[in-house]
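Not measured: the values here are computed from a predicted model. Note: hydrogens, waters and symmetry copies are ignored here, and every other heavy atom, side chains too, is used.
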Amino acid sequence: MILSIRKFYIFLLLFTLQQTVFAAKPVQLKCEYLVRPIGLDNPKPRFTWMMLDETKGAIQNAYRIIIGTDSIQLANKQGIQWDSGKILSSNSLVTYAGKALTPFTKYYWRVEIWDKSNKISSATSTFEMGMMAIENWKGTWISDRNDINTLPAPYFRKVFAAEKKIKSARAYIAAAGLYELYLNGKKVGNHRLDPMYTRFDRRNLYVSYDVTSSLREGKNAIGVLLGNGWYNHQSLAVWNFDKAPWRARPTFCLDLRITYTDGSTDVIISGNDWKTSLSPIISNSIYTAEHYDARLEQKGWNTVDFDDSKWRGITLRAAPSRNIVSQAMHPIRDVEEISVKTIRKFNDTTYLFDLGRNIAGVTKIKISGERGTVIRLKHAERLDSSGHADLSNIDVYHRPKDKSDPFQTDIFILNGEGEEQFMPLFNYKGFQYIEVTSSKPIQLTEKSLVGYFMHSDVPAVGKLSSSNPLIDKLWWATNNSYLSNLYGFPTDCPQREKNGWTGDGHFAVETGLYNFDGITVYEKWMADHRDEQQPNGVLPDIIPTGGWGYGTANGTDWTSTIAIIPWNIYTFYGDSKLLADNYQNIKQYVNYVNGISKDGLTTFGRGDWVPVKSTSDLEYTSSVYFYVDADILAKAAKIFNNKNDYLIYNALAEKIKKAINTKYFNAKTGIYGKGVQTELSMALQWNIVPELSIQLVADNLAKRVIADGMHIDVGVLGAKAVLNALSDNGHSDIAYKLAAQDTYPGWGWWIVNGATTLHENWDMDAKRDISDNHMMFGEIGGWFFKGIGGIKVDEEQPGFKNILLKPHFVEGLSHFEASHDGPFGKIISSWKRTDKGIKYSVKIPANSTASVEIPSIAGKKLFLYGKEMANKIQLLAGNYEFEIR
């Protein structure tokens, strides 16, 4: 007899009492989704934590947050800035609601939680405010006296005296372009390519550093090296980077705030007393490469004793914009060092290095040679028939005016003073192979060069393992592509374009969020969207942009990022801030599309980009995304209790859906449009299909896939939808076969042919659209969690407060495990086949619940701890092991 829900909870309680009891405690304390951040601007920062409690049914009954400026006083509950009081709530995401926070102030925050037994525990962390307003800057923006066509990067320096004992010091630096900051000869921090790319004439980012340990009592030297980045784009390409309206010589502003042990403060600032000189970086382009002439080095240029008598004065500049805000996000770093896998020597002046995998980043070379020897490092994804580096698949949009700016080719000129090393500071590339050529004979070994995988250093939160090595490799390759295209904003590819294509960004957002804690990057990118949106609501389809992208095809299927990404952040994190920040922008956008649409249908879009063979109707696919945007807007209006907007946009969404079904749906046959995979799957994925027809449409999709030889026949829009449409509607086995297909066309076809990243084209021998590191087909990385592991968000209780667990025991796998570290902790969904049936193991983190739906298997029953169970059950926090036998 199946155990009733009431009896089950009695049984669960008795089982719980037998378990070892551990004291609950708050862990993973974060402010603005960062650990102990400094330099925050948000006057109402968000606090998050997790409850560590392994007991069954663990839940937080209440919390209390106390904030002060002194850790000792905080422990004694004295000198309090904010005391939330005891709040009877299981919330672990709380927005500050105390007295106004002050700039440059370090705060200690303590969270107390009460568990289900009302036992109290606590933990403490810190956060620190930054400038908070442009008026708090003391420094002046400075640059050198050169124009936008000057190639060498500029050095800047200043010597100052700290006459008293230093208690603490913070450096705040904003730049238009890129910078490297040095104190007393050493680089400050481990970030790369700061600050992140923005619409420079509308928003600039500053970065904050704790530099207490870098300073000393007495004389100190500050050094700044500026690169062009996206601000002064000197390379020529079809994207018109060089025509950006903000373009100018790089510039920066710096405040170094020192607090002495006697309580006094001093601010060292950028201004007229700085000096400048050109550096050995004789050319730098974020798009192409970097050139360095070691003969021009000025050793010790950033130290106190350097003779700068030949250096020039600086020029003062206006701030690039009036919106200078903190870069409160996970920075770009050299995350992984990759050794050379093989080396091939063609002759004494030509070597080919193979890293064994495709990455985004840079290389570092160590080399000895005669003074003036010119070393070229060409970075490529492919080799030609002779084994040399081949750039023909990725240099197609480069428009060089001459041979002085070769694509993805660093140039290093030796000074001849023993072993030298070079690594570019203001560039990154996409590559696997590095062909090193020299103007004179050199000796290199596989130890002479290493690669650095660079990307926004977002913490990993997802993990997969399965019995099929192809699936594991595909998941790994998908993550490689995702990270290769995360440089402060999501891009399409790290070599040919480096553009923030909006479509690629939202096609892959679930893959990103299942696998990485990326909220800080997405919040920054959505601010870029708000910066770029036209007054009429239109968005470009690359963001940020210097102007390219406001065309005729930048429609709903691409620029739905404005709605889809905030909605996904809300469902994954349970945080509505980004949705609120973008609410009016979504509304403007939907209103614009509605204004140019006829009877609820629109042709505003790009369509199903790079399909295998079948095309889909542009009006149909664009209108589906129009519906998605209107539906998200209606749901957001409901969340924010905007009743009038809810009525308006819910009605609009229903109008669009009805228009799509009236024109494109044959209710008798269950076919949308021509009945190709993209058209059928999009209707299912985005809830267009009338409820009574869902299974018929899904069955037709399954039949179509079978008719297509159990292979995909989709472009980017279908690739987002097809696997979900199948697995969500009774055809998970077919979805898995598509995902695991190792012959053309399919994701697996790339993997069996040696791919370590996702490609841009299903056809690896296509004549165009053939980047080997692209993210637009990347939904599969999220589908593994949803379609096999069955870990899904619950829109009614977002942020995995309630987890939907709907695993699929697909044919072809003997075991599968997915884990995701959500806002409440680690979620695990793991199953394996046994002689008797299947064992299904679940971990639900403390303070959350799960709605579990386990597939029925003919002739078998479901058991939990020996008790027969129904296939649908609601579970409290804890570890569970089901058996199907």
Measuring only between side-chain heavy atoms, which start at C-beta, is [X] closer than 4.5 Å to [Y]?
{"X": "Ile434", "Y": "Phe431", "value": "yes"}
{"X": "Ile375", "Y": "Ile413", "value": "no"}
{"X": "Met131", "Y": "Pro103", "value": "no"}
{"X": "Gln298", "Y": "Trp311", "value": "yes"}

Distance-only polar pair, side chains of [X] and [Y], donor-acceptor under 3.5 Å:
{"X": "His330", "Y": "Thr520", "result": "yes"}
{"X": "Ser235", "Y": "Thr288", "result": "yes"}
{"X": "Asn190", "Y": "Arg333", "result": "yes"}
{"X": "Asn773", "Y": "Gln495", "result": "no"}
{"X": "Ser484", "Y": "His455", "result": "no"}
{"X": "Asp194", "Y": "His191", "result": "yes"}
{"X": "Asn232", "Y": "Arg247", "result": "yes"}
{"X": "Ser321", "Y": "Asp201", "result": "no"}
{"X": "Thr303", "Y": "Asp305", "result": "no"}

>> Please identify which of these residues, Phe306, Tyr155, Phe156, meets the ring-ring contact (aromatic ring centres under 6.0 Å, His included) condition with Trp301.
In response: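 Exactly one pass, corresponding to Tyr155.
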>> Determine whether His233 and Tyr231 satisfy the following criterion, ring pair (Phe, Tyr, Trp, His ring centres under 6.0 Å), listing intermediate values before the conclusion.
In response: CA-CA 6 Å; His233 210 293; Tyr231 183 64; over 10 Å; no
Whether [Y] and [X] form a salt bridge (side-chain N of Lys/Arg under 4.0 Å from carboxylate O of Asp/Glu) is what I want to check.
{"X": "Asp273", "Y": "Lys158", "value": "yes"}
{"X": "Asp210", "Y": "Arg170", "value": "yes"}
{"X": "Lys138", "Y": "Asp255", "value": "no"}
{"X": "Asp410", "Y": "Lys429", "value": "yes"}
{"X": "Lys30", "Y": "Asp517", "value": "yes"}
{"X": "Asp262", "Y": "Lys164", "value": "yes"}
{"X": "Arg157", "Y": "Asp308", "value": "yes"}

[X] and [Y] aromatic centres sub-6.0 Å:
{"X": "Tyr179", "Y": "Phe426", "result": "no"}
{"X": "Trp141", "Y": "Phe252", "result": "no"}
{"X": "Trp137", "Y": "Tyr206", "result": "yes"}

> Quick one: is the NZ or CZ of Lys167 closer than 6.0 Å to the six-membered ring centre of Tyr260, and within 45° of its axis?
Replying inline: no
>> A cation-pi test, strictly: NZ or CZ of Arg46 under 6.0 Å from the centre of the six-membered ring of Tyr96 and no more than 45 degrees from its axis. Yes or no?
In response: no
Would you say the side-chain atoms of [X] pair up with the backbone N or O of [Y], donor to acceptor, closer than 3.5 Å?
{"X": "Ser168", "Y": "Thr212", "answer": "no"}
{"X": "Arg530", "Y": "Asn582", "answer": "no"}
{"X": "Lys498", "Y": "Cys493", "answer": "no"}
{"X": "Gln408", "Y": "His379", "answer": "yes"}
{"X": "Gln81", "Y": "Ala100", "answer": "yes"}
{"X": "Ser279", "Y": "Ala153", "answer": "yes"}
{"X": "Ser143", "Y": "Pro250", "answer": "yes"}
{"X": "Thr373", "Y": "Ser439", "answer": "no"}
{"X": "Gln533", "Y": "Asn585", "answer": "yes"}

> Step by step, would you call Tyr452 with Ile338 a side chain to side chain contact (heavy atoms under 4.5 Å, CB included)?
Replying inline: CA-CA 6 Å; Tyr452 288 96; Ile338 301 173; over 6 Å; no
State, to 0.1 Å, how close [X] and [Y] come at their nearest heavy-atom pair, and which atoms those are.
{"X": "Val159", "Y": "Val304", "value": "CG2-O, 4.0 Å"}
{"X": "Pro245", "Y": "Arg199", "value": "CG-NH2, 3.6 Å"}
{"X": "Tyr428", "Y": "Val362", "value": "CA-CG1, 4.1 Å"}
{"X": "Thr545", "Y": "Pro540", "value": "CG2-CG, 3.8 Å"}
{"X": "Pro154", "Y": "Thr276", "value": "CB-OG1, 4.1 Å"}
{"X": "Ile269", "Y": "Trp274", "value": "O-NE1, 2.8 Å"}

>> Go through it in stages, so that I can follow the logic: the residues are Trp525 and Trp501, the test is ring pair (Phe, Tyr, Trp, His ring centres under 6.0 Å), and I'd like the CA-CA distance, side-chain angles, deciding distance and then a yes or no.
In response: CA-CA 11 Å; Trp525 196 39; Trp501 280 99; over 10 Å; no
>> Using a 6.0 Å cut-off, check whether atom CZ of Arg322 has over 12 heavy atoms from anything other than its own residue.
In response: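 12 or below, so no.
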>> Is it the case that atom NZ in Lys577 sees more than 12 heavy atoms from other parts of the structure closer than 6.0 Å?
In response: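 Yes.
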>> Before you tell me yes or no, could you show the steps for Tyr287 and Glu497 under side chain to side chain donor-acceptor pair (under 3.5 Å), namely the whole-Å CA-CA distance, both residues' side-chain angles and the distance that decides it to 0.1 Å?
In response: CA-CA 8 Å; Tyr287 184 63; Glu497 300 181 32; over 6 Å; no
>> Pair Asp242, Gln234 - check side chain to side chain donor-acceptor pair (under 3.5 Å), show working.
In response: CA-CA 6 Å; Asp242 62 306; Gln234 295 172 321; over 6 Å; no
>> Under the side chain to side chain contact (heavy atoms under 4.5 Å, CB included) test against Asp144, which residue among Asn146, Ile142, Asp147 passes?
In response: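 With Asp144 as partner, Asn146, Ile142, Asp147 yield a single side chain to side chain contact (heavy atoms under 4.5 Å, CB included), made by Asn146.
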>> One pair to check against side chain to side chain contact (heavy atoms under 4.5 Å, CB included): Leu425 and Glu290. What are the steps and the verdict?
In response: CA-CA 8 Å; Leu425 299 179; Glu290 190 162 303; 4.1 Å; yes
>> Working note: Phe489 + Tyr522, criterion ring pair (Phe, Tyr, Trp, His ring centres under 6.0 Å); need CA distance, chi angles, decisive distance, verdict.
In response: CA-CA 7 Å; Phe489 64 107; Tyr522 285 114; over 10 Å; no
>> Before you tell me yes or no, could you show the steps for Trp230 and Tyr197 under ring pair (Phe, Tyr, Trp, His ring centres under 6.0 Å), namely the whole-Å CA-CA distance, both residues' side-chain angles and the distance that decides it to 0.1 Å?
In response: CA-CA 7 Å; Trp230 298 98; Tyr197 180 20; 4.9 Å; yes
> Going through the checks in order, is the side chain to side chain donor-acceptor pair (under 3.5 Å) test met by Asp492 and Asn499?
Replying inline: CA-CA 6 Å; Asp492 60 330; Asn499 278 324; 5.3 Å; no
> Would Asp41 and Ser326 count as a side chain to side chain donor-acceptor pair (under 3.5 Å) if you check the C-alpha gap in whole Å, the side-chain angles of each, and the deciding distance to 0.1 Å?
Replying inline: CA-CA 6 Å; Asp41 278 351; Ser326 175; 4.9 Å; no
